Every structure is written in structure tokens, then in C-alpha cells.
Amino acid sequence: MKHLIRKLAATTVMGVAGAAFATGVWAADFVAKIGHLESAQQSRHVHLEKVAKLVNERTDGAVEFQLFPQGQLGQQREMTEGVQLGTLEATVAPAAFLGGFNPAVSIMDIPFLLPDNDETAQKIRGGAFGEALCDSFNSRGVTCIGLWPNGKKNFTSSKPLASLEDFAGQKFRVMDSNILIEQFNSLGASAIALPFGELYTALQTGVVDGEENPLDTIQRMKFYEVQKHLVLSDHGAMEDVILFNPAWWASLPEEHQKTIVDAFNEVIPELITHKAEAVAAALEEIKASGIDIREMSDDEKAAFRDKMYPAARAAYIERAGEEGEKLIAIYEKEYEAAGAQ
């Protein structure tokens, strides 16, 4: 009789446990809130959802990611500081927003840093360069586990951009970065750092002639309404940095850490495809506006890189110092080894 009671009790416990797991009530051993700035429809969030599903499945429910898009947990600076302090477990942040926190990451501001070929770019992103860039965050109190591609920037202007020489004398809006300012100075243009929210009006009123942004941003913000020319240059890499709180990350078993890193890497090809589809749809809408659009040739891109890279490189090293010099050396070795030159 006692044996039967024990068996019934065990069966009841297993039934409750099974029901809890099936309804999602069963608590995970490790829960990470992950904040970011993009909307739930954009590539970053769509693929964070895929990563969350893969990680949960492959850890048998032990690790759960709770996603908070569109700045629900604050602006990027607040989220980065939250990860540093441990009030937030993770954030996926644009590298361009992290330069004040970690000057080394401003290497991503250098134009034509990553080649057009996705596989070649991934060799650099996922190789020794990406690892060294991630390592630079260790001394800043966060753990970087990888980089994610998030599109590339293109040029627009109210004035012609038919050749490299056409850039001379024009005024372009940039984010507040000496590297981006020097990239335009190298072309004989000038750059003005303006808040993003003021850009449409600045283009409309002629405070600046042009700007640089990914095509989906140009489409979403309607910049093409106040611009006459668009050059498909893909000159500026928009990379995301995946940051975790060090204490939370260290609390994970090594096999869970590997599962998470592998999942983020695994979805990169899908992420690139999703972003490319969004960019293609944006380009169709921009084309319908009647704006002048042309695509840079490979030879033209090489000529622009020859002009822009050295000046931006020097500005970066001036900003990042010895740490920047070491990272540039690793990058240039990887760039050459990947067959990008």
C-alpha cells in the first residue's frame, strides 16, 4: 500500500511538472532580459527571437531570453550601463553608439572596412579581428560574445554625386565622430555633426547638402523626399555588438555559453538575407519617388577607399591610441588574408 501511495505521489508530481513545462510556467534556470532599439519587425529583433527559441530548445528550457525591443528599457547608453551594472543581462547595440563607452569599437566607423562579399565579410567579423574587438570590451565591464551585421550606409545629396570629385565642397551630416568627419574631409567635403532627429529639416532647409544612412533608414525617415541623388555605395558597415553582463555570463555552464554563441552565429546568414530583403523593398519605394540613383562600380569603390580609408584610419588611431593601433593591425592582416585586397 505504501509503495502504491509513493507511486501515485510521484505520478502526480510528474504530471504537474509536465503541465507546467507545456504551459511555459516551468521556470528557467537562467533568465536574461535583452534590450535593444529596433522595432519588433526589424531584422535585429526577428533574429533575436530565433536565437531565443534555439537557445531555449537546445538547453532544454534551462536558458530563457526575454526580449525588449524599441528602447523599452531605455536609450542605448542606459541599456549599456545597465548591462555593466547588472540591472540588465544583455543588449544588442549598434557599434556606432558605443564609441564613447569603448573608443576601440569606433574602428567600425572607418569607411569600406568590410568587403561587399558576405562570406568574406563574415571571415573578418567572425575571425581574429572580431575576437579582438570583442576582447576590448572586457576592460569596460561587459562581455562581448560576437558581432552581428545590420546593413551598410549609402550617400545621398541634393547636389550631384556622379563622381568622386562631386563630393568636394558639399556639406554632409554625420554622427558625432571625428572618424566620419575625416572621411568626408578626405573627399574635399565638410561634415557637420547633427542629432538624427534634426536631419530631415536640415536637409530640407539646406543646412546640409547630404547624409549617409542605410537604405531602409533613408526610406523609413523619408530622406529621399528632400534629396535628389542617391549613390549605392555600401561604404559604411553597420555592425551590432552582442553584450552580456559578465557575472550573468560567468554563472552559465560552459555548454550553455557555447550554445548561445553558436545560436547567434548560426542565424547570421538568415539575418543577412532578411536585411537584404528589407533594403530591396526600401530601394523600390525610393525609386518610385523619381530620385536619381546610381550604383558605384567596384573600381569606383576602390578609388573611394584609397582616398577615405587612410584619413579615417589616422583619426581612429588618434582616438583609440595604442589599443586602436593593435586592433587595426589585426584587422588589416585579416582583411588581406580573407582575400579582400
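Since the structure is predicted, the reported quantities are computational estimates derived from the model, not experimental observations.
Counting only N and O atoms by type, the side chains of E225 and Y200 include a donor and acceptor under 3.5 Å apart. Using a 3.5 Å distance cut-off with no hydrogens or angles, the side chains of E211 and N213 do pair a donor with an acceptor. A donor-acceptor pair shorter than 3.5 Å cannot be found between the side chains of S157 and Q227. Checked by atom type, the side-chain pair S186/E182 shows no donor-acceptor distance below 3.5 Å. With 3.5 Å as the limit, one finds a donor-acceptor pair spanning the side chains of N150 and E38. For the residue pair E64 and Q66, a side-chain donor N or O sits within less than 3.5 Å of a side-chain acceptor on the partner.
A salt bridge (Lys or Arg N to Asp or Glu O under 4.0 Å) with R313 holds for exactly one of E318, E325, E332; it is E332.
For K153, the salt bridge (Lys or Arg N to Asp or Glu O under 4.0 Å) partners two or more places apart in sequence, or in a different chain, are E212. Listed by chain and number, the residues in a salt bridge (Lys or Arg N to Asp or Glu O under 4.0 Å) with E254 amount to none (sequence neighbours excluded). Residues passing the side chain to side chain contact (heavy atoms under 4.5 Å, CB included) test with N245 are V83, A247, W248, sequence neighbours excluded. With sequence neighbours excluded, the residues that form a side chain to side chain contact (heavy atoms under 4.5 Å, CB included) with A62 are D29, T59, H256. With sequence neighbours left out, K258 forms a side chain to side chain contact (heavy atoms under 4.5 Å, CB included) with D262.
The side-chain tip of R305 points at the ring of Y335 from less than 6.0 angstrom away and within 45° of straight on.
Inter-residue side-chain proximity for L161 and L230 is flagged as unmet; no heavy-atom pair is nearer than 4.5 Å.
The stretch residues 183-197 participates, sequence neighbours left out, in no salt bridge (Lys or Arg N to Asp or Glu O under 4.0 Å) pair at all.
For the atom pair CD of Q183 and OG of S177, the computed distance is 8.0 Å after rounding to the nearest 0.5 Å. Here the CD1-CG distance, from I286 to L215, works out to 5.0 Å after rounding to the nearest 0.5 Å. Separation of atoms CG (L37) and NE2 (H45) is listed at 13.0 Å; rounding is to 0.5 Å.
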Q: Go through the steps to decide whether V92 and V241 satisfy the test side chain to side chain contact (heavy atoms under 4.5 Å, CB included), and finish with yes or no.
A: CA-CA 6 Å; V92 180; V241 184; over 6 Å; no
Q: Might you work through the side chain to side chain contact (heavy atoms under 4.5 Å, CB included) test for L232 and R294, ending with a clear yes or no?
A: CA-CA 6 Å; L232 304 177; R294 73 176 189 86; over 6 Å; no
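Ring-plane geometry between H47 and H274 is classed as perpendicular, the angle between the planes exceeding 60 degrees on a 0 to 90 degree scale with a lower cut at 30.
Between F167 and F155, the gap from one ring centroid to the other is short of 6.0 Å.
Grouping the Ile, Leu, Val, Met, Phe, Trp and Tyr side chains by contacts below 4.5 angstrom, directly or via other members, places I192 with F196.
For the pair K53 and E57, the tightest heavy-atom approach, listed with the atom from each and the gap, is NZ-OE2, 2.6 Å.
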